[in-house]
Amino acid sequence: MLKNIPAIIPPELLKIMSEMGHGDELVLADGNFPAASHAQRLIRCDALGTVELLDAILSLYPLDTYAERPAAVMQVVKGDQVVPIIWEDYRRLILDHEGITEAFDHEERFAFYERASRAYVIVATGERAQYANLILKKGVIFPDTDPFPQAKKVELN
C-alpha cells in the first residue's frame with residue numbers, strides 16, 4: 001500500500017503510467033472496444049467504469065499542454081442515434097484536474113482504432129456506455145510543480 005495513490009489504479013497501471021513519457025498515449029477502452037487485438041500493452045480493469053478510472057488517473061497523469069487537444073474520443077458513427085453523455089463527465093474531470101476546456105479531438109471510428117493501436121497502453125474497462133473510449137496524451141511535469149503537495153515541509157539547518 002502507498003499513500004495518496006488511488007486504490008482503484010492497479011499496480012500494473014501505475015508502473016505503465018510511470019514508464020510513459022511526454023506524448024505517449026493511454027487509451028481507456030469501453031467494454032465493447034477490441035482492446036486485446038489492438039494493444040501493444042494491455043491492462044485489464046474489467047470491473048471498473050471509465051469515469052471512476054479517469055478521475056483516479058488524472059490525479060497522477062498530466063495531460064499534454066503542448067497539444068491543441070490532449071484527448072480524443074471516437075466520433076459517433078453516421079446514422080447511429082447514440083448521444084454519448086459520458087463525454088460530459090470526461091469534460092468535467094479534465095476541466096477539474098487540468099483546467100482544459102476544449103480537450104477533445106473527435107476521431108472517426110477506424111482512425112480511432114488505428115491511433116489506439118499505436119498507443120503506449122490500452123486499459124480495457126467494463127464500461128457499458130457506448131462511445132466511452134478515450135485517448136489521453138501524456139504531458140510534462142514541470143520543475144516548479146510541487147511533487148508532494150500534502151507533505152509537511154521541513155526546514156534544514
Side-chain angles (χ1 to χ4, degrees), residues 1-65 67-141:
M1 298 286 295
L2 298 171
K3 293 188 209 177
N4 303 317
I5 303 291
I8 194 172
I9 299 178
E12 298 84 8
L13 183 52
L14 282 173
K15 176 187 179 292
I16 292 287
M17 289 191 318
S18 294
E19 290 173 352
M20 294 174 69
H22 180 224
D24 283 338
E25 293 186 327
L26 178 152
V27 178
L28 286 176
D30 65 31
N32 290 308
F33 189 83
S37 64
H38 284 75
Q40 295 180 43
R41 292 168 195 84
L42 179 64
I43 305 270
R44 299 223 58 106
C45 293
D46 297 289
L48 302 176
T50 54
V51 174
E52 299 83 4
L53 196 51
L54 177 62
D55 190 28
I57 287 169
L58 289 176
S59 72
L60 303 171
Y61 183 98
L63 292 183
D64 192 348
T65 56
E68 185 175 340
R69 291 192 175 81
V73 293
M74 182 187 295
Q75 285 178 354
V76 175
V77 174
K78 187 175 181 165
D80 199 341
Q81 299 302 310
V82 174
V83 176
I85 57 175
I86 198 165
W87 294 355
E88 291 308 314
D89 292 325
Y90 296 168
R91 281 187 184 93
R92 177 183 49 80
L93 288 171
I94 290 170
L95 180 61
D96 289 350
H97 284 279
E98 296 288 315
I100 300 170
T101 56
E102 294 296 323
F104 299 154
D105 279 330
H106 293 79
E107 298 271 352
E108 181 275 331
R109 177 180 170 209
F110 293 105
F112 189 98
Y113 288 160
E114 179 61 31
R115 185 169 170 184
S117 70
R118 294 188 312 269
Y120 194 85
V121 64
I122 295 178
V123 180
T125 72
E127 182 60 59
R128 297 185 69 179
Q130 288 182 276
Y131 296 97
N133 303 301
L134 179 67
I135 297 174
L136 303 171
K137 184 179 289 289
K138 189 172 185 187
V140 172
I141 296 187

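These values consider heavy atoms only, across backbone and side chains, with no hydrogens, waters or symmetry-generated copies.
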How many angstroms lie between atom [atom1] of [X] and atom [atom2] of [Y], to the nearest 0.5 angstrom?
X: D64; Y: E25; atom1: CG; atom2: CD; answer: 9.0 Å
X: E108; Y: K78; atom1: CD; atom2: NZ; answer: 12.5 Å
X: F112; Y: L134; atom1: CZ; atom2: CG; answer: 7.0 Å
X: K137; Y: R115; atom1: NZ; atom2: CZ; answer: 5.5 Å
X: M74; Y: D30; atom1: CE; atom2: CG; answer: 7.5 Å
X: L136; Y: Y61; atom1: CG; atom2: OH; answer: 5.5 Å

| said: Is the ring pair F33/Y113 parallel, tilted or perpendicular, if the boundaries are 30 and 60 degrees? | reply: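 Judged by the thresholds at 30° and 60°, the geometry between F33 and Y113 is perpendicular.
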Given side chains that start at C-beta, do those of [X] and [Y] come closer than 4.5 Å, heavy atoms only?
X: N32; Y: N133; value: no
X: P6; Y: L60; value: yes
X: E127; Y: L28; value: no
X: M17; Y: I9; value: yes
X: D55; Y: D96; value: no
X: V73; Y: P84; value: no

Do any N or O atoms from the side chain of [X] and from the backbone of [Y] form a donor-acceptor pair under 3.5 angstrom?
X: T125; Y: D46; result: no
X: Y120; Y: R41; result: no
X: Q40; Y: V121; result: no

| Audit row: L26, D24, side-chain contact (heavy atoms from CB on, under 4.5 Å) steps and yes/no | CA-CA 7 Å; L26 178 152; D24 283 338; over 6 Å; no
| message | Check this for me: does any side-chain nitrogen of one of E114 and R118 sit under 4.0 Å from a carboxylate oxygen of the other? | response |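 Yes, this pair counts.
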| query | So does R91 pair up with E88, basic N to acidic O under 4.0 Å? | reply |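 Counted as a salt bridge, because a side-chain N and a carboxylate O are separated by less than 4.0 Å.
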Looking only at heavy atoms, which two atoms of [X] and [Y] are closest? And how far apart?
X: I122; Y: A35; answer: CG2-CB, 3.7 Å
X: A111; Y: E107; answer: CB-OE1, 3.7 Å
X: C45; Y: V123; answer: SG-CG1, 3.9 Å
X: A56; Y: I8; answer: CB-CG2, 3.1 Å
X: V51; Y: Y90; answer: CG2-CE2, 4.1 Å

| task | For H38 and V27, run side-chain contact (heavy atoms from CB on, under 4.5 Å): C-alpha distance rounded to whole Å, both residues' side-chain angles, the deciding distance at 0.1 Å, then the answer. | result | CA-CA 11 Å; H38 284 75; V27 178; over 6 Å; no
With a 6.0 Å cut-off (strictly less than), is the heavy-atom count around [atom1] of [X], excluding the residue itself, greater than 12?
X: R128; atom1: CZ; answer: no
X: I5; atom1: CD1; answer: yes
X: E102; atom1: CD; answer: no

| request: Show the numbers, then the answer: is there a side-chain contact (heavy atoms from CB on, under 4.5 Å) between I43 and I16? | output: CA-CA 9 Å; I43 305 270; I16 292 287; 3.9 Å; yes
| task | Begin with the C-alpha distance, continue with both residues' side-chain angles, and end with the deciding distance and a verdict on side-chain contact (heavy atoms from CB on, under 4.5 Å) for I57 and L13. | result | CA-CA 9 Å; I57 287 169; L13 183 52; 4.0 Å; yes
